[in-house]
Amino acid sequence: MGDVVTVPERYGLGPIEVTAITAAAVEMAAPLTGSGYSISGCSGGGGVSSQGGGGVGMSCTVGTVATINDVMSLEVARIGDAVAVLRIEPAG
């Protein structure tokens, strides 16, 4: 835990930090860099101010392919002994 993945600025998120890995899900947190936030495919929520900022938490189960801010795809490909494989790429 504590690993950090930096994603392109256009995704609207700052560095994504893995906060927990369970047998079924990966928990992550990231600061928001834009003025809005949307997620489908994983549970998550967060807050954002009118100037941007704020943060979001996400919980994604293995096999899930989530779309974040309509521009980023995040897949939890595999979960092992306190290890997870994430695939992050442009959505679409």
Side-chain angles (χ1 to χ4, degrees):
M1 275 58 59
D3 288 336
V4 176
V5 178
T6 301
V7 296
E9 188 175 317
R10 69 181 178 276
Y11 291 168
L13 297 176
I16 300 170
E17 180 180 0
V18 175
T19 57
I21 299 172
T22 68
V26 178
E27 309 282 331
M28 295 163 276
L32 297 173
T33 60
S35 61
Y37 171 75
S38 66
I39 186 170
S40 65
C42 291
S43 62
V48 64
S49 72
S50 61
Q51 295 85 23
V56 63
M58 299 173 273
S59 177
C60 301
T61 58
V62 69
T64 295
V65 179
T67 301
I68 300 169
N69 292 335
D70 299 322
V71 295
M72 179 181 128
S73 173
L74 184 149
E75 177 183 4
V76 177
R78 187 169 57 93
I79 296 176
D81 295 329
V83 174
V85 176
L86 307 176
R87 290 191 183 112
I88 297 173
E89 60 189 17

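Remember, predicted model here, so these are calculated numbers, not experimental data.
The one candidate from T6, V5, V7 that meets the side chain to side chain contact (heavy atoms under 4.5 Å, CB included) condition with P15 is T6.
To the nearest 0.5 Å, atoms SG (C42) and CG (L74) are separated by 6.0 Å. Atoms CD and OG1, on E75 and T67 in that order, are 11.0 Å from each other to the nearest 0.5 Å. Considering SG of C60 and CG of L86, their distance stands at 8.0 Å, rounded to 0.5 Å.
Contact record, V26 with A84: CG2-CB, 3.5 Å, taken as the closest heavy-atom pair. Among all heavy-atom pairs drawn from A29 and T19, the shortest one is CB-CG2, 4.1 Å. The minimum heavy-atom distance linking R10 with V71 is given by the pair O-CG2, 3.6 Å. The shortest heavy-atom contact between A25 and I79 is N-CD1, 3.5 Å. Nearest heavy atoms, M28 versus I16: CB-CG2, 3.8 Å.
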Check against side chain to side chain contact (heavy atoms under 4.5 Å, CB included), L13 and L32: CA-CA 5 Å; L13 297 176; L32 297 173; 3.5 Å; yes

S59/E27 under side-chain hydrogen bond (donor to acceptor under 3.5 Å, both in side chains): CA gap, chis, key distance, verdict: CA-CA 4 Å; S59 177; E27 309 282 331; 2.9 Å; yes

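Tracing side-chain contacts under 4.5 Å through hydrophobic residues (I, L, V, M, F, W, Y), one never reaches V65 starting from Y11; they form parts of separate clusters. Hydrophobic clustering, with ILVMFWY side chains joined whenever heavy atoms are under 4.5 angstrom apart, keeps V85 apart from I21.
A heavy-atom distance below 4.5 Å is not found between the side chains of I68 and S38. Residues I39 and M58 meet the side-chain proximity criterion, which asks for heavy atoms closer than 4.5 Å.
When atom types are taken as modelled, the side chain of T64 and the backbone of A66 share no donor-acceptor pair closer than 3.5 angstrom.
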